[in-house]
Undergrad: 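Structure below; questions to follow.
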Number of protein chains: 2
Amino acid sequence: MEVLTQAEENYLKAIFKLTESDAVKAASTNAIAAALGTAAASVTDMLKRLAAKNLLHYEKHRGVALTERGNELATNLVRRHRLWETFLVEKLGFGWDGVHDIAEHLEHVQSEELVERLDIFLGRPKFDPHGDPIPDAKGRMASRKQVQLSSLLPNEKAVVVGVLESQAAFLQYLNRVQLTLGTNLLVQERFEYDGSMRVLINEREEITISQKVCDNLFVQKTK
Amino acid sequence: MEVLTQAEENYLKAIFKLTESDAVKAASTNAIAAALGTAAASVTDMLKRLAAKNLLHYEKHRGVALTERGNELATNLVRRHRLWETFLVEKLGFGWDGVHDIAEHLEHVQSEELVERLDIFLGRPKFDPHGDPIPDAKGRMASRKQVQLSSLLPNEKAVVVGVLESQAAFLQYLNRVQLTLGTNLLVQERFEYDGSMRVLINEREEITISQKVCDNLFVQKTK
DNA sequence: AAATATTTTTAGGCAAGCCTAAAAATATTT
DNA sequence: AAATATTTTTAGGCTTGCCTAAAAATATTT
């Protein structure tokens, strides 16, 4: 089992995330640079090194995709990250939003046994505090726990993860009212009368959403 | 609060340990190199850098000692290390001997809040699984929990940490029978008749120790 | 005290990761 | 299709931490 540096691991994870939505099959140099906050030239540098280690497929000007091995390592990294986030929230009492940066460091500690014992200690959780699925030691994970927005009760928090029907008009509407992928929601109230909901968006703005929209929006509960 | 690299932290910790026994006031280049497994030239390199950051006093060919600030940072590092060791043993069920290397990595995660919460989660322990005292956030720590070997009961484990009377003849005897500082003991049996004990040394050799020696040996219980 | 041994420092180099500026390749406009 | 804009790569440099080999300083023997 090869050992990667923290920098290498961070590149793998960034590429993994960028190519996660199956629509996209390759990550561009610029996108990776943006994700990591480094110069594009540094990315090219590293891509060559990772390609030499057979962790990704690289062809000049073509963008990159992880190899099987690269995917394996990246998935394991995600596993570590999400287990630590779970630990920080469940055991140490951190808020679910203040936890990412610390997990970003903890995830780099290399010890299979540590991760395995942590997993057991936490009761082999399937999802982390953000609702994201935690891969098991073999890289398998549950699919996202997504539900329709209309199924939420007042005071529940969620994040937008997808739509049921993806007609252009609907997506345009979502963009218009800022209900984009990743938007955080807090349900304030639900009106029985017409099934509409008042929702706080990204801890800032409050809007009212019709039942039709609530039915078509997939969200994932968060804490 | 300045942020140190892992390498810098490792140097601080090594120097801290080397100068811990108050007898020694300066750590030599070679001793540091040996402790870290690096070349002496690399140590000289780093000593200059750490001196420039006011973390230690460095004069060519004179050896080094930590500054107040250096000591503070090193103590905090020890705190982090021992808290993580405690976590690994108490919560994750690691054996107390398989824990050092992992803690070596965890200790470098920089987050005051993380350490504070971990401390609380563990119930603010005063000693780690090796019996070493855990400094509090201000750097204060209890003195070692040392007891006379003669006070131990069969099946208790301990490590040699000092002597009561340090006559040369006694120390020579200890060296002779391998009862040196850091030796691990497991009490097998105690004979009421003459107060002598049968003890397993470093999980290998079994010897019998007279009451006089047992009274003069300070040990620290371990798990 | 001179000779020898040991320790420490200097000098010069190397890999990993980052940078900026310029060149080359690819995409988008017109 | 030519012109322009954007993306990606190359080239050259920097810092951190490490190395080896040789020089300098200090310690120990004789």
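What's counted below: heavy atoms across the whole structure, side chains too, no hydrogens, waters or symmetry copies. So you know, we letter chains A, B, ... as the sequences are listed, proteins then strands, and number each from 1.
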Undergrad: Want to settle it: does K53(B) or S42(B) sit nearer the 5' end of DNA chain D, counting the closest nucleotide to each?
TA: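 Looking at DNA chain D, the more 5' nearest nucleotide goes with K53(B).
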Undergrad: Under the salt bridge (Lys or Arg N to Asp or Glu O under 4.0 Å) rule, collect the residues that match up with D119(A), sequence neighbours excluded.
TA: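 Applying salt bridge (Lys or Arg N to Asp or Glu O under 4.0 Å) to D119(A) gives R79(A), R124(A).
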Undergrad: Residues in side-chain contact (heavy atoms from CB on, under 4.5 Å) with A51(B), at least two apart?
TA: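 Scan of A51(B) (side-chain contact (heavy atoms from CB on, under 4.5 Å), adjacent residues dropped) gives L56(B), Y58(B).
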Undergrad: What is the distance, to the nearest angstrom, from the CZ atom on R62(B) to the P atom on dA25(D)?
TA: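 So the CZ-P distance, R62(B) to dA25(D), works out to 12 Å.
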Undergrad: Identify each atom pair where a protein N or O and an N or O of nucleotides 10-12 of chain D are less than 3.5 Å apart, giving names and distance.
TA:
residue, atom, partner, partner atom, Å
dT10(D), OP1, K60(A), NZ, 2.8
dT10(D), OP2, K48(A), NZ, 2.5

Undergrad: Between residues 9-17 of chain A and DNA chain C, which residues have a heavy-atom gap below 4.0 Å?
TA: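 Those residues are Y11(A).
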Undergrad: Grab the CD-P distance between E59(B) and dT9(C) for me, whole Å please.
TA: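 Rounding to the nearest Å, CD of E59(B) and P of dT9(C) are 11 Å apart.
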Undergrad: Under 3.5 Å, side chain of N202(A) to main-chain N/O of R204(A), donor-acceptor pair present?
TA: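 Such a contact is absent between N202(A) side chain and R204(A) backbone.
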Undergrad: Roughly how far apart are L185(A) CG and I209(A) CD1, rounded to 0.5 Å?
TA: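 Result: 6.5 Å between the selected atoms.
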Undergrad: Both atom distances under 3.5 Å, Watson-Crick or G-U wobble: I'd like the secondary structure of DNA chain D as a dot-bracket string, with | for pairs made across strands.
TA: ||||||||||||||||||||||||||||||
Undergrad: Tell me, please, which residues at least two apart from D45(A) pass salt bridge (Lys or Arg N to Asp or Glu O under 4.0 Å).
TA: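 Salt bridge (Lys or Arg N to Asp or Glu O under 4.0 Å) list for D45(A), sorted by chain: R49(A).
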Undergrad: Has T38(A) got a side-chain N or O lying under 4.0 Å from the OP1 or OP2 atom of dG17(C)?
TA: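 No, outside the criterion.
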Undergrad: Can you tell me how far apart CG (L50(B)) and NZ (K48(B)) are? Round to the nearest 0.5 Å.
TA: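 Rounded to the nearest 0.5 Å, the CG-NZ separation comes to 12.5 Å.
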Undergrad: So does R49(A) get a side-chain nitrogen or oxygen closer than 4.0 Å to the phosphate oxygens (OP1/OP2) of dG17(C)?
TA: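 Indeed, a polar side-chain atom of R49(A) lies that close.
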Undergrad: Round to a whole Å and report the spacing from CG of L47(B) to P of dG17(D).
TA: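 Distance, rounded to whole Å: 13 Å.
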Undergrad: Once you round it to whole Å, what is the distance between P of dG17(C) and NE2 of H108(A)?
TA: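 H108(A) atom NE2 is separated from dG17(C) atom P by 12 Å.
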Undergrad: Residues in side-chain contact (heavy atoms from CB on, under 4.5 Å) with F16(B), at least two apart?
TA: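 In terms of side-chain contact (heavy atoms from CB on, under 4.5 Å), with neighbours along the sequence ignored, F16(B) is linked to E20(B), L66(B), N71(B), A74(B), T75(B), V78(B).
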Undergrad: In Å and rounded to the nearest 0.5 Å, what is the CG to CG distance from L83(A) to L122(A)?
TA: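 Here the interatomic distance stands at 6.0 Å.
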Undergrad: For T86(A) and I134(A), which heavy atoms make the closest approach, and how far apart are they?
TA: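 Minimum heavy-atom separation between T86(A) and I134(A): OG1-CD1, 3.6 Å.
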Undergrad: At a cut-off of 3.5 Å, list every protein nitrogen or oxygen paired with a nitrogen or oxygen from nucleotides 2-7 of chain C, distance to 0.1 Å.
TA:
none

Undergrad: Holding to salt bridge (Lys or Arg N to Asp or Glu O under 4.0 Å), I want the full list of residues that pass it with K13(A), two or more places apart in sequence or in another chain.
TA: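 Only E104(A), E107(A) meet the salt bridge (Lys or Arg N to Asp or Glu O under 4.0 Å) criterion with K13(A).
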Undergrad: Kindly write out the residues that satisfy side-chain hydrogen bond (donor to acceptor under 3.5 Å, both in side chains) with Q178(B), not counting sequence neighbours, or none if the list is empty.
TA: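 Not a single residue meets the side-chain hydrogen bond (donor to acceptor under 3.5 Å, both in side chains) criterion with Q178(B).
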Undergrad: By the 4.0 Å heavy-atom rule, please label A39(B) as base, sugar-phosphate, or nothing.
TA: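 Base contact.
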Undergrad: Strictly by ring-ring contact (aromatic ring centres under 6.0 Å, His included), give each pair with a member in residues 70-89 of chain B just once, sequence neighbours left out.
TA: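 Listed by first then second residue: F87(A)-F87(B), H81(B)-H100(B), W84(B)-F87(B).
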Undergrad: Could you work out, with side-chain hydrogen bond (donor to acceptor under 3.5 Å, both in side chains) as the rule, every residue matching T5(B), not counting sequence neighbours?
TA: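 Applying side-chain hydrogen bond (donor to acceptor under 3.5 Å, both in side chains) to T5(B) gives E8(B).
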Undergrad: Could you state the CE-P distance from M46(B) to dT9(C), rounded to the nearest angstrom?
TA: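 Computing the M46(B):CE to dT9(C):P distance gives 15 Å.
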Undergrad: Does the side chain to side chain donor-acceptor pair (under 3.5 Å) test come out yes or no for H105(B) and Q110(A), once each step is laid out?
TA: CA-CA 8 Å; H105(B) 287 100; Q110(A) 315 257 10; over 6 Å; no
Undergrad: How long is the line joining CG of L4(A) and C1' of dA15(C), in whole Å?
TA: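 In whole Å, dA15(C) C1' and L4(A) CG are 16 Å from each other.
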